[in-house]
Amino acid sequence: MALNIRGYAAQSATSPVAPFTFNRRDLRANDVDIDILYCGVCHTDLHVARNEWGNARYPVVPGHEIIGRVKAVGSDVRNFKAGDLVGVGCMVDSCQHCAPCQQGLEQYCLEGSTLTYNSLDRQDKSPTYGGYSQSIVVREQFVLRVPDQLDPKSAAPLLCAGITTYSPLKHWKVGLGQKVAVVGLGGLGHMALKFAHAMGADVTLFSRSPGKEQEARRLGAEHVVISTDADQMKAVTGQFDFILDTVPHQHDLNPYLATLKLDGQLVLVGLLEPIDPPLAAGALVRKRISVGGSLIGGIAETQEMLDYCADKGITCDVEMINIEDVNTAYDRMLKSDVRYRFVIDIASLG
Ligand code: NAP
Ligand code: ZN
Ligand code: ZN
């Protein structure tokens, strides 16, 4: 057992994320032990630390956008060796035998995938602790290879914000000639703009925040619509083939439905609560619209996305912080004051 690993944890819904020391399990035969270098700050970290989804198991050590170097490997590990630059995303295990797992869709594992934090280990039932910490032990199948071309700091958010936006854009076959809109310009939104643009779509950003127009264009949007401006919303009625909605809170989806074409699709990645206000079913029926959702992406697809980013020169726009600044980062994230992902330099753990 690796004793006295330093990390940061939330001890309750109302306490700030603060220093916390814990142990990591001994390496099993198929485990990889990773010294963490960088960890992105996802809005999910905040949702879970503050128990906004009602499922927090305290202490919560958040962090699932992890980049690190392999320190040691178990006796059966063949694909990684000490010194390799690797990534870990939102999952660290799954059953590996159900139909979704067999298709490489571990995030939809019928037994429930083991999340990087706030889950229980499948074997010893110990709590999983995430990347706001010095090291992590992960089953080999859930470790990603970080291509040499990627800068490790700006690659960290690819492990969640990257794959969560890449996967639905691929699944719904976004590409050349399509008009695609992204709702919300935060960590996920900025990657969605980059990917949709790289895939050849004509991209629009819906934002509540005036002042993000220039930035959105730099990130790949051709057009920006201020969603609180009724005239601007009306001007894009019936325009889009596909909308990816990254907003983290309940909000009215009906104005966005009006901007979809016949057969248009609205896919949610930010919202886990019930849709409120309700959807006007008539708007769906009259234009054969579907509304769906999408959860991160499978391990093979995450590797594909990392390789795609290396190939296309796609990186995340990050602001580096020390770990003691993470609570301030949460507050800034809530004010949409992030350009566009905070990444913790884990060396600041001391
Ligand atoms: P983020 O960086 O805080 O960005 C969210 C953006 O949404 C904000 O920058 C803001 O953009 C907009 N927004 C925020 N509050 C809003 C409101 N009340 N109404 C309308 N727009 C609002 O968050 P993130 O890290 O990208 O995460 C977004 C959501 O995705 C979170 O709920 C997170 O838990 C979830 N998530 C889901 C998955 C999945 O697998 N499905 C994976 C990762 C994260 P503007 O200022 O441009 O309006
Ligand atoms: Zn995340
Ligand atoms: Zn499974």
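Just follow the structure's listing: the first ligand is 1, and inside any ligand the first atom is 1.
- Rounded to 10°, the angle formed at the Zn ion (ligand 2) by H64 NE2 and C160 SG is 110°.
- Ring planes of H43 and H47: tilted class, angle from 30 to 60°.
- Here H43 does not reach the Zn ion (ligand 2): none of its N/O/S atoms is less than 2.8 Å from the metal.
- A salt bridge does not link K234 to D231: none of the charged side-chain nitrogens sits closer than 4.0 Å to a carboxylate oxygen.
- Protein neighbours of ligand 1 below 4.0 Å, counting non-hydrogen atoms: C42, H43, T44, H47, W53, C160, T164, G184, L185, G186, G187, L188, S207, R208, S209, K212, T246, V247, P248, H249, V269, G270, S294, L295, I296, M333, S336, R341.
- A salt bridge links D31 with R25; the closest basic N to acidic carboxylate O contact falls under 4.0 Å.
- Remark: D229 does not engage R208 in a salt bridge, criterion side-chain N to carboxylate O under 4.0 Å.
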Practice prompt. Before giving the answer on side-chain contact (heavy atoms from CB on, under 4.5 Å), spell out for Y38 and I346 the whole-Å C-alpha distance, their side-chain angles and the decisive distance to 0.1 Å.
Written response: CA-CA 5 Å; Y38 307 110; I346 295 296; 5.6 Å; no

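- At a threshold of 4.0 Å, the pair R69-D35 does not count as salt-bridged, since none of the basic side-chain nitrogens sits closer than that to a carboxylate oxygen.
- Between the side chain of T116 and the backbone N or O of M91, at least one donor-acceptor pair lies under 3.5 Å.
- Ion pairing between D317 and R218 holds under the 4.0 Å rule for side-chain N and carboxylate O.
- We find that K287 and D241 are not joined by a salt bridge, their nearest charged nitrogen and carboxylate oxygen being 4.0 Å or further apart.
- Within the 3.5 Å criterion, the main-chain N or O of D121 finds no donor-acceptor partner in the side chain of T114.
- Closer than 2.8 Å to the Zn ion (ligand 3) sit the protein N, O or S atoms C95 SG, C98 SG, C101 SG, C109 SG.
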